[in-house]
Amino acid sequence: MKYISTRGQSPAQSFSEILLGGLAPDGGLYLPESYPQLTDADLTAMRAMNYRELAFAVLSRFATDIPAADLKALIDKTYTSTVYCNVREGENPEDITPLHTLEPNLHLLCLSNGPTLAFKDMAMQLLGNLFEYVLAKAGQGINILGATSGDTGSSAEYAMRGKKGVNVFMLSPHGKMSRFQTAQMFSLQDSNIHNIAIKGVFDDCQDIVKAVSNDHTFKANYKIGAVNSINWGRIAAQVVYYFKGYFAATSSNEQRVSFSVPSGNFGNVCAGHIARMMGLPIKHLIVATNENDVLDEFFKTGVYRPRGAANTYHTSSPSMDISKASNFERFIYDLARQDSAKLRELWAKVDQGGAFDLAGQGLFKDVEKFGFQSGASSHMHRIEMIRKIWQQYGLMIDTHTADGLKVALELRETDVPMLVLETALPAKFEESIQEALGQTPVRPQGMEQLEALPQRFVVMEADVEAVKGFIQTHL
Ligand SMILES: *Cc1c(COP(=O)(O)O)cnc(C)c1O
């Protein structure tokens with residue numbers, strides 16, 4: 001299996017070759033040359049598999065240049081009930097992604113039982129093990145530089161801590177993350193993890209990462225890399241739980257289900273799209289946004305108009321506060337039937353801060369064939385939904401999952417099982433739960449005293465040279 005760029009002007013590469021990189025050299029995103037196709041017999045065999053077996057069945061079709069025994073060992077080490085241990089009462093940790101049935105044909109697929117209590121652990125934990133493996137084979141190292149406002153940074157740090165050949169330098173806005181998220185990251189004592197609190201806002205952190213990455217000499221000399229949401233390995237690992245959820249909610253391959261996905265960078269729902277392209281019987285993929293509804297606007301009107309950081313709302317589902325959905329290009333490439341010239345034409349506008357409009361073009365009508373629907377939510381909706389689910393089912397959900405549920409309830413069809421992806425546990429967003437329910441969520445075992453642990457971080461000015469200097473002296 002080779003990987004090609006959506007923009008069509010980069011050489012084809014193997015899974016291992018694209019694993020450590022970000023964008024393709026032509027500015028596009030990597031996708032497999034074609035999607036593996038699963039037969040009914042394949043699905044029947046997969047139905048009987050546990051999470052690790054399923055992960056191998058899916059990922060071995062994508063990571064064809066990693067010897068099967070090695071891939072299997074990496075998967076077996078990753079998807080254990082010890083890593084994904086933060087389950088609710090009544091859930092079986094061996095399921096890895098337990099399915100929680102609210103009522104007939106309405107389920108929550110729980111993806112947040114990993115170490116940082118958010119779905120990003122599902123892929124990131126595997127990525128940590130894959131990075132270590134690929135780097136050891138090549139006799140190389142990598143220094144991951146990233147910016148975070150919470151979820152991505154903590155998930156990357158918990159995946160990369162203690163990994164040989166990997167250092168992490170994570171920038172976060174000083175004093176602007178929640179106390180829980182700050183404590184989660186800053187309490188890590190691993191010598192390969194470096195937390196840098198920047199005196200500024202998230203965009204200052206991101207600007208520094210961009211400036212360092214654009215210094216090509218520095219980047220090459222210090223082997224600077226990233227683990228951002230466009231990484232193909234993350235998308236591939238996320239495909240697995242769509243299969244797991246489907247099998248848990250159905251008893252025959254004749255049945256179809258729909259998924260509702262709280263969306264930001266379009267990474268999670270992109271994995272669902274790929275599962276569907278591989279032959280998983282998915283009826284609808286519902287893109288649920290918060291007030292930052294760039295994607296909802298596209299699926300309703302055909303206009304894709306990224307907003308820019310200055311016009312991004314800060315909401316109570318902060319991990320969905322995006323101005324530009326970085327994985328969206330992967331879907332549009334498929335929508336355009338792999339026409340990379342068309343893709344270049346559309347993204348020539350996006351890359352200059354503009355928009356494109358597919359309304360009235362045959363292309364936009366095809367969105368339906370790909371199963372996509374969308375909806376948006378607001379702070380009031382989230383609070384109402386958290387209350388409703390608590391009152392009706394005695395279940396506490398977080399703000400992002402609430403966005404997914406709100407849109408799912410609007411669009412669900414009575415005879416089609418609806419699976420809402422739970423993307424974080426409520427303990428991560430205590431302030432909103434307090435507002436909705438007048439009580440704080442119970443934390444998973446061992447996290448009760450998180451804020452009391454010693455913290456390891458440095459505070460720095462928003463200064464590119466200072467950050468470069470810090471990296472140089474800490475390698
Ligand atoms: C990252 C994140 C999202 C958005 O996922 P995308 O893959 O960026 O669409 C939703 N909810 C939570 C809790 C997240 O951390």
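Because only heavy atoms are used, hydrogens play no part in the values below, and waters and symmetry mates are left out as well, while side chains stay in. Just so it is clear, the model here is predicted, and its values are computed rather than measured. Just follow the structure's listing: the first ligand is 1, and inside any ligand the first atom is 1.
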Polar side-chain atom of [X] near backbone of [Y] as donor-acceptor pair, under 3.5 Å:
| X | Y | answer |
| --- | --- | --- |
| Asn265 | Asn327 | no |
| Thr80 | Lys77 | no |
| Tyr304 | Val350 | no |

Original post:
Taking distance alone, with no angle check, do Phe266 and ligand 1 share an N/O pair under 3.5 Å?
Top reply: yes

Subject >> Sub-3.5 Å N/O-N/O distance, Asp398 and ligand 1 >> reply: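 Not met; the criterion fails.
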
So if I count the atoms of ligand 1 from 1 in the order they appear, which ones are less than 4.0 Å from some heavy atom of [X]?
| X | value |
| --- | --- |
| Gly267 | 6 (P), 7 (O), 9 (O) |
| Ala424 | 13 (C) |
| Ser319 | 1 (C), 2 (C), 3 (C), 4 (C), 12 (C), 14 (C), 15 (O) |
| Asp151 | 12 (C), 13 (C), 14 (C), 15 (O) |

Report the part of [X] in contact with ligand 1, treating N, CA, C, O as backbone and CB onward as side chain, heavy atoms under 4.0 Å; options are side chain, backbone, both, neither.
| X | answer |
| --- | --- |
| Met320 | side chain |
| Asn268 | both |
| Phe119 | side chain |

**OP:** List the steps, then state whether ring-ring contact (aromatic ring centres under 6.0 Å, His included) holds for Phe119 with His400.
**Re:** CA-CA 11 Å; Phe119 91 97; His400 305 76; 9.4 Å; no

Original post:
Atom CG in Leu358, atom CG in Leu346: separation rounded to 0.5 Å?
Top reply: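 Atom-to-atom, Leu358:CG and Leu346:CG are 6.0 Å apart.
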
Subject >> Check ion pair Arg382-Asp403 (N to O, under 4.0 angstrom) >> reply: yes

Original post:
Should Arg88 and Glu422 count as an ion pair when the cut-off is N to O under 4.0 Å?
Top reply: yes

**OP:** Tell me which one of Gly264, Ser326, Ala271 gets a heavy atom nearest to atom 4 (C) of ligand 1.
**Re:** Gly264

Could you identify the single nearest non-hydrogen protein atom to [atom] and state the distance to 0.1 Å?
| atom | result |
| --- | --- |
| atom 2 (C) of ligand 1 | Lys120 NZ, 2.5 Å |
| atom 6 (P) of ligand 1 | Asn265 N, 3.5 Å |
| atom 11 (N) of ligand 1 | Thr423 OG1, 2.9 Å |

Subject >> Charged tip of Arg330 within 45° of Phe328 ring normal and under 6.0 Å >> reply: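 Cation-pi check for Arg330 and Phe328: fails.
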
**OP:** Could you point out which residue of Tyr158, Tyr79, Tyr51, Tyr241 forms a ring pair (Phe, Tyr, Trp, His ring centres under 6.0 Å) with Tyr84?
**Re:**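 The ring pair (Phe, Tyr, Trp, His ring centres under 6.0 Å) with Tyr84 is passed solely by Tyr79 among Tyr158, Tyr79, Tyr51, Tyr241.
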
Original post:
Has Ser263 got any heavy atom lying under 4.0 angstrom from an atom of ligand 1?
Top reply: yes

